[in-house]
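These notes are about the structure you will find just below.
Side chains included, hydrogens not; waters and symmetry mates left out as well; all remaining heavy atoms used.
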Protein chains: 2
Amino acid sequence: MDTATCLCKSISPEEMEMITLHAPNEETSLHLAEFFKVFGDATRLRIIYFLSRHELCVADLSSLVQMQQSAVSHQLKLLRLHRLVKTRKEGKIVYYSLDDKHINSIFSIAVEHLGENE
Amino acid sequence: MDTATCLCKSISPEEMEMITLHAPNEETSLHLAEFFKVFGDATRLRIIYFLSRHELCVADLSSLVQMQQSAVSHQLKLLRLHRLVKTRKEGKIVYYSLDDKHINSIFSIAVEHLGENE
DNA sequence: TGGATATATGAACATGCATTCATATAAGGA
DNA sequence: TCCTTATATGAATGCATGTTCATATATCCA
């Protein structure tokens, strides 16, 4: 692991410098990675799908995704932490709904990508 | 874990049925999750960033992301598997470049999301 | 052919994380 | 107040995965 000089001589030192300078810093790439990680789980994706169709309580989500209430609660906590869902409490019942308008755009692009391969 | 009937009575059985019927099947959500998982790692994100700026050989990538050549190769293999990068061989040197036009759109949306929170 | 360089890859290891189980909290009803 | 129901949460567990080390393959050069 030496300094970032181009070994292949296919790219000028100036260009190399530019690329390095404008690279996202460690913090930024970590944040981005954390964000994408949230979508990297089938259960969470299904939860997000159901919430995109209708506001739902935990029990309903639990039966829709066919997972234990505890598992769903844990996942919802993570989604809340990343501000992808919001809650509304009514007595004992907590209603969850989506809290991010970007989600659908991100999904459609991902689906496009998958559609083009194979 | 019982069948998907609405427990909260906040949503009609017909609507519940519709939501369930149109839900992405297990295979689809798994594929989507796999796709997002690829972006859920800071090292891979940095590799993708550098490749978005310039075609690069493994050694250059290795010094740019400051990781061992082996680690970079492993990650590149994963990116290749998901058809996010493509390769071009010239003698001993293998040049990598991006092979997905959706990547930038996905990134800009993610950055938007992060920008809006805090 | 032998050596050097660029890249790929398998095994090992450590860490992260999704799920489960048990239990806590909170609210409503009897 | 006691019981039931809805949700949250901490600890434990098992599996996935990123990195490293050692080594294999492939290409170029002398």
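- Judged by atom type and distance alone, A:H74 does not reach the base of D:dT7 through any side-chain donor-acceptor pair under 3.5 Å.
- Spacing between atom CG of B:L61 and atom P of D:dT19 amounts to 14 Å, rounded to whole angstrom units.
- The phosphate of D:dT19 has OP1 or OP2 within less than 4.0 Å of a side-chain N or O from B:T43.
- The shortest distance between side-chain heavy atoms of A:F36 and B:V38 does not fall below 4.5 Å.
- Within the nucleic acid shown, A:Q75 comes within 4.0 Å of sugar-phosphate atoms alone, with no base atom in reach, counting heavy atoms only.
- Under the 3.5 Å distance criterion, the side-chain polar atoms of A:R44 are matched with a main-chain donor or acceptor of A:K37.
- Per the geometry, CZ belonging to B:R46 stands 15 Å off C1' belonging to D:dT19, to the nearest Å.
- A sub-4.0 Å separation between OP1 or OP2 of C:dC17 and a side-chain N or O of A:K37 is present.
- Side chain of B:T20 to main chain of B:M16: a donor-acceptor pair is present (N/O by atom type, distance under 3.5 Å, no hydrogens or angles).
- Rounded to whole angstrom, the span from the CE atom of B:M67 across to the P atom of D:dT17 amounts to 18 Å.
- For C:dA6, the base has no donor-acceptor partner in the side chain of B:Q69 [N/O atoms by modelled type, under 3.5 angstrom].
- D:dT19 atom C1' lies 13 Å from atom CG of B:L78, rounded to whole Å.
- Here C:dT9 is the nucleotide among C:dT9, C:dG28, D:dT9 with the atom lying nearest to any side-chain atom of B:R80.
- Residue A:K89 places its side chain closer to C:dA26 than to any other of C:dA26, C:dT7, C:dT9.
- Side chain of B:S62 to backbone of B:M67: a donor-acceptor contact under 3.5 angstrom is found.
- Following rounding to the nearest Å, A:Y95 (OH) and D:dA8 (P) show an atom-to-atom distance of 13 Å.
- Look at CD1 on B:I47: it is 13 Å from P on C:dT7, rounded to the nearest Å.
- Among all heavy-atom pairs drawn from A:C57 and A:I93, the shortest one is CB-CG2, 3.5 Å.
- You'll find that the side chain of A:K92 is closest to D:dT5, out of D:dT7, C:dT9, D:dT5.
- Taking for each of A:G91 and A:D41 the nucleotide of DNA chain C with the nearest heavy atom, the 5'-most of the two is the partner of A:D41.
- Look at B:Y96 and you won't find any side-chain N or O under 4.0 angstrom from OP1 or OP2 of C:dA6.
- Picking from D:dG18, D:dA8, D:dT20 the nucleotide with the shortest atom distance to the side chain of A:S73 gives D:dA8.
- In this structure, A:S73 contributes its side chain and A:S70 its backbone to no donor-acceptor pair below 3.5 Å.
- Side chain B:S70 to base C:dT9: a donor-acceptor pair is found below 3.5 Å.
- The CG-P distance, from A:L81 to D:dA8, rounds to 13 Å in whole Å.
- When the P atom of D:dT17 is taken as reference, atom CZ of B:F39 falls 16 Å away, rounded to whole Å.
- Closest contact between the side chain of A:K77 and the listed nucleotides D:dG10, D:dT7, C:dT20 involves D:dG10.
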